[in-house]
Each structure stands twice: as structure tokens, then as C-alpha cells.
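Accompanying notes for the structure given below.
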Amino acid sequence: YRLLDAEVSFHRALPSVGETIRYDIRIAKFIRQGSTWVFEVHYENPGRAANIVDNSGLELLLTPNLRPYDSSMLTVGHDVSSLHLLPPSQSLFTSVGHCPAQCTGALPQEGITVFAGLPHTHTLGRRVKLRHIRNGAELPTPFQDSYYDFNYQTMRRVEFKMMPGDHVIMECGYDTTSRLTYTRGGLSVSDEMCMMFLHYYPATSLAHCVSKLPLKNILLAMGVTLWPVSSSTKQLGLRIRSPVRYQNLTLSDYLAVVLPGDMDAAKRLQEANLHHSQQAECYDFGKEKIIAVSSTCACDNRDHDISRASV
């Protein structure tokens with residue numbers, strides 16, 4: 001669930017075994033509808049089961065004494081897009097999302113302190129890792145879970161200092177051996193995501209920092225080109241121009257019917273995810289202000305993967 005517009009004394013949910021952790025930080029900068037504070041809960045019921053009753057709730061602790069810091073949340077990872085593609089029959093396929101220096105440059109000079117985080121994929125996710133780059137050198141890994149379980153999603157202990165100009169990389173590993181066709185990115189549990197929700201203080205305007213492969217890089221990996229789209233043809237959708245044998249097939253049909261059997265395309269797509277340029281975008285809450293848009297991310301995988309962080 002996501003809590004919107006409340007000022008609370010925040011207690012981290014479900015600590016790890018042996019931990020007792022309390023964060024006394026005021027949560028601010030959320031959305032309010034008139035005089036109503038909104039508590040938003042997301043439900044997923046893919047089996048359409050009936051008569052399910054939810055009795056969950058939330059305790060709000062209000063105080064007249066302001067806390068030393070306002071906390072906030074920063075979302076990092078791969079953009080939620082239908083062009084986030086996972087090929088089928090892969091025991092491990094890795095997606096990567098960048099939050100580059102152009103975006104973290106909006107942070108205050110003294111930086112921010114991350115104190116918790118919630119990693120998030122859907123049912124195919126098996127591994128998640130958050131990487132931290134500063135001045136071209138990789139710092140100690142802030143968070144890694146090599147046995148990620150979609151059914152056990154909880155706030156984790158993630159503690160590190162993020163400074164202006166730092167580069168954060170989110171990596172997600174998936175097992176798609178249960179799928180016969182390509183899995184796309186999206187909000188449904190049958191789609192996939194690769195994100196981490198970082199809780200930090202002091203609060204800043206930076207709320208969302210994600211990246212994705214440009215369409216041209218995806219098409220190169222798929223081995224196809226598309227017909228140009230004009231006002232008179234846009235209703236036909238994206239259609240294959242080459243190879244000739246697939247000409248005029250829609251890109252969606254190509255993904256569903258042709259590409260699943262092309263293991264070389266799966267290898268090229270993995271190479272593109274790990275090493276090719278990406279488009280990064282970052283903005284504030286409500287996307288009212290675009291903080292930065294980075295058109296390229298030089299992602300040569302040499303030098304122990306560290307150069308993937310240069311932009």
C-alpha cells in the first residue's frame with residue numbers, strides 16, 4: 001500500500017529477524033483531496049476470487065511537536081513501460097534502471113540520508129540489487145537480495161548517503177522459464193516492474209528517477225525496422241518494415257508470435273539492457289516539474305561494470 005498526505009511518527013513495518021527499528025521522522029509532501037487525507041491501498045486479484053474481505057488498517061500517531069526532519073520517498077529503477085521487455089524461457093534475465101548524475105544534481109549540497117527501501121518486481125522477479133556510483137567509482141552495495149520473493153514484500157533496512165552527482169543503478173533478475181511469450185512492463189501482476197522506493201531525509205523535490213532503453217535500441221536487438229508513422233497511418237499501429245517476410249506485421253504480433261522462438265534476439269536484448277544507452281527522466285511529485293531528462297547513458301560494461309554509470 002501507499003500512504004498519502006499524513007504527518008506521522010513513522011515506524012518501519014516488518015523488520016528483519018532480530019531487528020527493532022524506529023524512525024522518528026515526519027512524513028510530509030503527499031496528496032490531499034480537500035480536507036481529506038488519503039490512504040491508498042492497491043489490490044491484485046488475478047484469479048477473480050469472490051468474497052474476499054480486507055480488514056487491514058493503519059495507525060496514525062499525531063504529535064504537535066515537529067520532528068527534526070521531513071522525510072520523503074524517491075522512486076528509482078526502470079520506467080514502467082510496455083517496452084520493458086523480458087524474453088521467455090530465461091532462467092535469469094536482468095533489467096537495469098538508472099538514476100544518473102543529472103537527476104541527483106537536484107539534491108541539496110549536503111546530500112540526503114536513505115534509511116529504508118522497498119524493492120519491487122512482480123512474480124518473475126528473483127534478484128534485486130541497488131548499486132551506488134560516485135565520481136566513477138562504485139561504492140559498497142546499499143542493498144541486495146539474491147532470493148527475492150514477490151509474496152514477501154516489506155520495507156528493508158537500506159542505509160547510505162546520496163550526494164549530488166551520485167549515480168544509482170537498480171538491477172532486477174527474472175526467471176521467465178514459466179512464460180511462453182514476451183512479458184512486458186506494466187502495472188498488472190502479469191506484467192513486470194523493476195523499482196525501489198527509497199525513504200530518506202531531509203525531503204527534497206526529487207521524487208521519481210527512472211530510465212529505459214530507447215525504441216531504436218530495442219528494435220536493433222529484435223532485428224527489425226518499422227514503417228514511419230504519420231497522421232494517416234497511426235491508426236494502423238507500429239508495423240514491421242523489415243525483414244520482408246514479416247513486413248506489415250504489427251510489432252505486438254511480432255512480439256507474441258515470432259520473437260519468442262528467437263533465442264539470439266533474447267541474447268541481444270540482454271546485451272542492450274546491460275550495455276546500451278538509456279533514456280533517463282526525473283521529476284517531482286505529481287510530475288509538475290521535470291528536473292532533468294538525460295538522452296543517453298554510456299553503458300560500456302568494461303571496468304567491472306562501473307562505467308555503466310557514466311552519462
Side-chain angles (χ1 to χ4, degrees), residues 2 28-30 69-81 83-84 94-121 128-143 158-172 185 193-215 217 272-301 305-311:
R2 185 173 298 166
K29 290 188 178 179
F30 291 104
Y69 299 105
D70 286 351
S71 75
S72 191
M73 184 177 73
L74 172 61
T75 302
V76 298
H78 195 291
D79 184 42
V80 181
S81 164
L83 290 178
H84 178 194
T94 302
S95 290
V96 179
H98 295 263
C99 181
Q102 288 93 329
C103 293
T104 63
L107 297 177
Q109 185 177 1
E110 65 274 15
I112 59 174
T113 299
V114 177
F115 61 88
L118 176 70
H120 181 65
T121 76
V128 289
K129 182 178 182 180
L130 187 69
R131 301 170 61 193
H132 186 198
I133 314 295
R134 180 176 296 160
N135 298 324
E138 184 154 11
L139 302 180
T141 301
F143 178 79
V158 183
E159 297 178 320
F160 69 104
K161 188 83 171 181
M162 190 185 302
M163 301 297 293
D166 284 1
H167 188 125
V168 175
I169 303 172
M170 184 65 183
E171 296 181 348
C172 300
M193 297 178 71
C194 177
M195 312 196 89
M196 191 156 190
F197 305 101
L198 299 175
H199 291 259
Y200 70 92
Y201 66 89
T204 74
S205 61
L206 184 60
H208 199 78
C209 189
V210 297
S211 73
K212 62 182 177 181
L213 281 172
L215 178 59
N217 296 54
N273 271 274
L274 294 177
H275 311 309
H276 288 192
S277 297
Q278 293 203 15
Q279 296 172 329
E281 184 180 54
C282 48
Y283 45 84
D284 62 359
F285 286 99
K287 207 173 183 179
E288 296 178 357
K289 178 183 178 182
I290 304 297
I291 296 172
V293 176
S294 174
S295 59
T296 60
C297 173
C299 299
D300 189 340
N301 197 36
D305 292 346
I306 292 174
S307 57
R308 285 197 299 171
S310 60
V311 176

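Nothing here was measured: the structure is a model prediction, and the numbers come from that model.
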Inset, instruction - Heavy atoms only: give me the nearest Phe115-Glu159 pair and the separation to one decimal. - result: O-CG, 4.1 Å
Inset, instruction - Please report the shortest heavy-atom distance between Lys161 and Glu110, naming the atom on each side. - result: CE-O, 3.1 Å
Legend entry - Partners meeting side-chain hydrogen bond (donor to acceptor under 3.5 Å, both in side chains) with Ser95 (sequence neighbours left out): His84
Inset, instruction - To the nearest 0.5 angstrom, please state how far the CD1 atom of Ile112 sits from the CZ atom of Phe160. - result: 7.0 Å
Inset, instruction - Kindly give the heavy-atom pair with the smallest separation between Leu107 and Pro164, and that separation in Å. - result: O-CG, 3.6 Å
Inset, instruction - Test side-chain contact (heavy atoms from CB on, under 4.5 Å) on Leu213 and Asn273 and set out the steps. - result: CA-CA 7 Å; Leu213 281 172; Asn273 271 274; 3.9 Å; yes
Legend entry - Check: Met196 and Phe143 side chains under 4.5 Å, non-hydrogen atoms: yes
Inset, instruction - First locate atom OG1 of Thr75, then atom CG of Leu118, and finally report the distance between them rounded to the nearest 0.5 Å. - result: 9.5 Å
Inset, instruction - Taking all heavy atoms of Thr104 and all of Cys99, pick out the closest pair and write down the distance. - result: CG2-SG, 3.9 Å
Inset, instruction - Using only the SG atoms, decide whether Cys282 and Cys103 are less than 2.5 Å apart. - result: yes
Inset, instruction - Provide the closest heavy-atom pair for Pro142 versus Leu130 in the form atom of the first, atom of the second, distance. - result: CD-O, 3.0 Å
Inset, instruction - For the residue pair Thr121 and Met193, establish whether any side-chain heavy-atom pair is separated by less than 4.5 Å. - result: no
Legend entry - Spacing of CE belonging to Met73 relative to NE2 belonging to His208, to within rounding of 0.5 Å: 9.5 Å
Legend entry - Atom pair CD (Gln279) and CG (Leu215), whose distance is rounded to the nearest 0.5 Å: 9.0 Å
Legend entry - Qualifying residue, where the test is side-chain hydrogen bond (donor to acceptor under 3.5 Å, both in side chains) with Glu171 and the options are Lys129, His78, Arg131: Arg131
Inset, instruction - Give yes when the SG atoms of Cys172 and Cys194 are nearer than 2.5 Å, otherwise give no. - result: yes
Legend entry - pair Val168-Met162: side-chain heavy atoms closer than 4.5 Å: yes
Inset, instruction - Can you measure from CG (Asn135) to CE (Met163) and round to the nearest 0.5 angstrom? - result: 10.0 Å
Inset, instruction - List the atom of Tyr200, the atom of Leu206, and the distance in Å for their closest heavy-atom pair. - result: OH-O, 3.3 Å
Legend entry - Nearest-0.5 Å distance, OH of residue Tyr201 to OG of residue Ser72: 14.0 Å
Legend entry - Pairing residues for Ser211 by the side-chain hydrogen bond (donor to acceptor under 3.5 Å, both in side chains) criterion, not counting sequence neighbours: Gln278
